[in-house]
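Counting convention: from 1, in listed order, for ligands and their atoms alike.
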Amino acid sequence: MRLTSLVAVTATLITAVSAGGRLGFSLGTKKPDGSCKTQQDYEDDFDAIKTNANSTLVRGYSASDCNVAQNILPAAKAKGVQVMLGVWPDTDESFNADKEALQKYATEEFAKQLYGVTVGSECLYRGNFTGEQLLDKINEVKRILPKGVKCGTADSWNKWADGTGDAIVKGGVDLILANGFAYWQATPIANASATYFYDMASAIAHIQTVAGGPEKAPEIYNGETGWPTTGGSSYGPAQASTDDAEIYYSQSICGMLTWGVNVFMFEAIDEPWKPDSVGQNGQSADEKHWGAMGADRKPKFDLSCKPV
Ligand SMILES: *[C@@H]1O[C@H](CO)[C@@H](O)[C@H](O)[C@H]1NC(C)=O
Ligand SMILES: *[C@@H]1O[C@H](CO)[C@@H](O)[C@H](O)[C@H]1NC(C)=O
Ligand SMILES: *[C@@H]1O[C@H](CO)[C@@H](O)[C@H](O)[C@H]1NC(C)=O
């Protein structure tokens with residue numbers, strides 16, 4: 001895209017943003033050894049996230065996996081934290097299991113802790129659903145949630161920017177999460193912040209335009225962003241490095257919050273149990289080293305977003 005277009009989308013966004021974005025973290029359902037987290041484990045995670053990053057918001061990807069809804073909502077209530085849970089619409093089995101877990105555990109008692117529910121994670125990106133099909137699934141889940149709990153979906157920034165998700169925006173959902181990883185675009189750290197801002201500006205500007213203006217748009221979050229630390233896999237010129245992850249955090253994540261956009265960092269805590277996955281370049285990629293904190297819940301660098 002030409003630079004003039006970038007300036008145009010950036011200008012659109014700047015008119016829309018408020019004083020400061022809200023920071024949240026993706027949080028896994030398993031302990032370092034791969035067993036399921038208990039309510040106490042989530043409480044300990046929340047203490048670490050609050051202390052180290054002054055954040056009171058986390059997101060998960062399921063409601064039924066490891067009984068997450070059952071265990072995390074009482075922990076969130078005990079610690080004054082809010083949670084976004086997920087539903088996997090990909091198969092009937094996962095869709096029904098997550099819906100049942102929400103019906104059983106996402107009760108009125110926890111309506112204040114359950115900030116929202118995302119139906120699907122990058123389903124449009126993988127091509128598993130059209131926008132219309134996913135909108136139907138979102139509406140089906142919305143009907144079973146306590147009043148006030150927001151419902152929407154999370155997808156890659158480019159699927160919002162290119163119009164694949166337009167039916168969802170026009171369908172009047174409450175929440176849209178746009179994921180953006182300069183790392184997975186094989187960006188060297190020196191240009192990572194520019195790439196990330198471009199991605200988010202493009203997605204947000206398109207969503208706001210399709211909605212008929214910023215004030216009519218759903219609530220928007222950057223649903224995932226982050227950078228792997230030393231020990232993780234590099235992706236072309238994007239190097240796994242704790243120093244680079246710190247630069248990414250202070251320039252990109254803190255910068256996006258300052259710009260007024262809500263951000264979920266992927267992820268709160270390392271997940272050493274995770275098997276390697278095959279990356280878009282066909283190479284095996286480590287997914288164990290994306291945490292702002294290590295598996296011991298100690299921060300890898302300063303997470304306070306102090307002005308520099
Ligand atoms: C922590 O966040 C709250 C509200 O989100 C804010 O009022 C407070 O100043 C923050 N504290 C620090 C130490 O940044
Ligand atoms: C979703 O799409 C991916 C990529 O095309 C495919 O591998 C996967 O099997 C699909 N999942 C379902 C449940 O259809
Ligand atoms: C840096 O990022 C911008 C925005 O994505 C892109 O237009 C530009 O080509 C990138 N430059 C380099 C050297 O990668």
J.: Which ligand 2 atoms does Asn128 reach within 4.0 Å, using its non-hydrogen atoms?
T.: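 The list of qualifying atoms is 1 (C), 2 (O), 3 (C), 8 (C), 10 (C), 11 (N), 12 (C), 14 (O).
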
J.: Using the rule given for ring pair (Phe, Tyr, Trp, His ring centres under 6.0 Å), can you reason through Trp290 versus Tyr183, listing the C-alpha separation, both sets of side-chain angles and the distance that settles it, and then say yes or no?
T.: CA-CA 11 Å; Trp290 285 78; Tyr183 168 86; 4.9 Å; yes

J.: Which residue and non-hydrogen atom of the protein lie closest to atom 13 (C) of ligand 2, and at what distance in Å?
T.: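 So the nearest neighbour among protein heavy atoms is Asp90 O, 3.4 Å.
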
J.: Taking the six-membered ring for Trp, are the ring centroids of Tyr105 and Phe110 within less than 6.0 Å of each other?
T.: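 Ring centroids of Tyr105 and Phe110 are no less than 6.0 Å from each other.
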
J.: If we count only non-hydrogen protein atoms and require a distance under 4.0 Å, does atom 5 (O) of ligand 1 qualify as touching the protein?
T.: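 Within 4.0 Å: no protein heavy atom nearby.
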
J.: Name all residues meeting the side chain to side chain donor-acceptor pair (under 3.5 Å) criterion together with Tyr61; count only those two or more places apart in sequence or in a different chain, and write none if there are none.
T.: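 With sequence neighbours excluded, Tyr61 shows a side chain to side chain donor-acceptor pair (under 3.5 Å) to Ser26, Glu224, given in chain and number order.
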
J.: Would a 4.0 Å cut-off, counted as strictly less than, catch a protein heavy atom around atom 9 (O) of ligand 1?
T.: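 No; the ligand atom in question lacks any protein heavy-atom contact below 4.0 Å.
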
J.: Can you list the residues that meet the side chain to side chain donor-acceptor pair (under 3.5 Å) rule with Lys300, with sequence neighbours excluded?
T.: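 Lys300 satisfies side chain to side chain donor-acceptor pair (under 3.5 Å) with Thr229, Asp270 only.
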
J.: Which of these, Asn54, Leu57, Leu23, has its nearest heavy atom closest to atom 11 (N) of ligand 1?
T.: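 Comparing heavy atoms across Asn54, Leu57, Leu23, the nearest one to atom 11 (N) of ligand 1 lies in Asn54.
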
J.: Determine if the distance from atom 2 (O) of ligand 2 to the closest protein heavy atom is below 4.0 Å.
T.: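 So far as the 4.0 Å threshold goes, atom 2 (O) of ligand 2 is in reach of a protein heavy atom.
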
J.: In Å, rounded to the nearest 0.5 Å, how long is the span from CD of Glu140 to CZ of Phe95?
T.: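 CZ of Phe95 is found 4.0 Å from CD of Glu140.
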
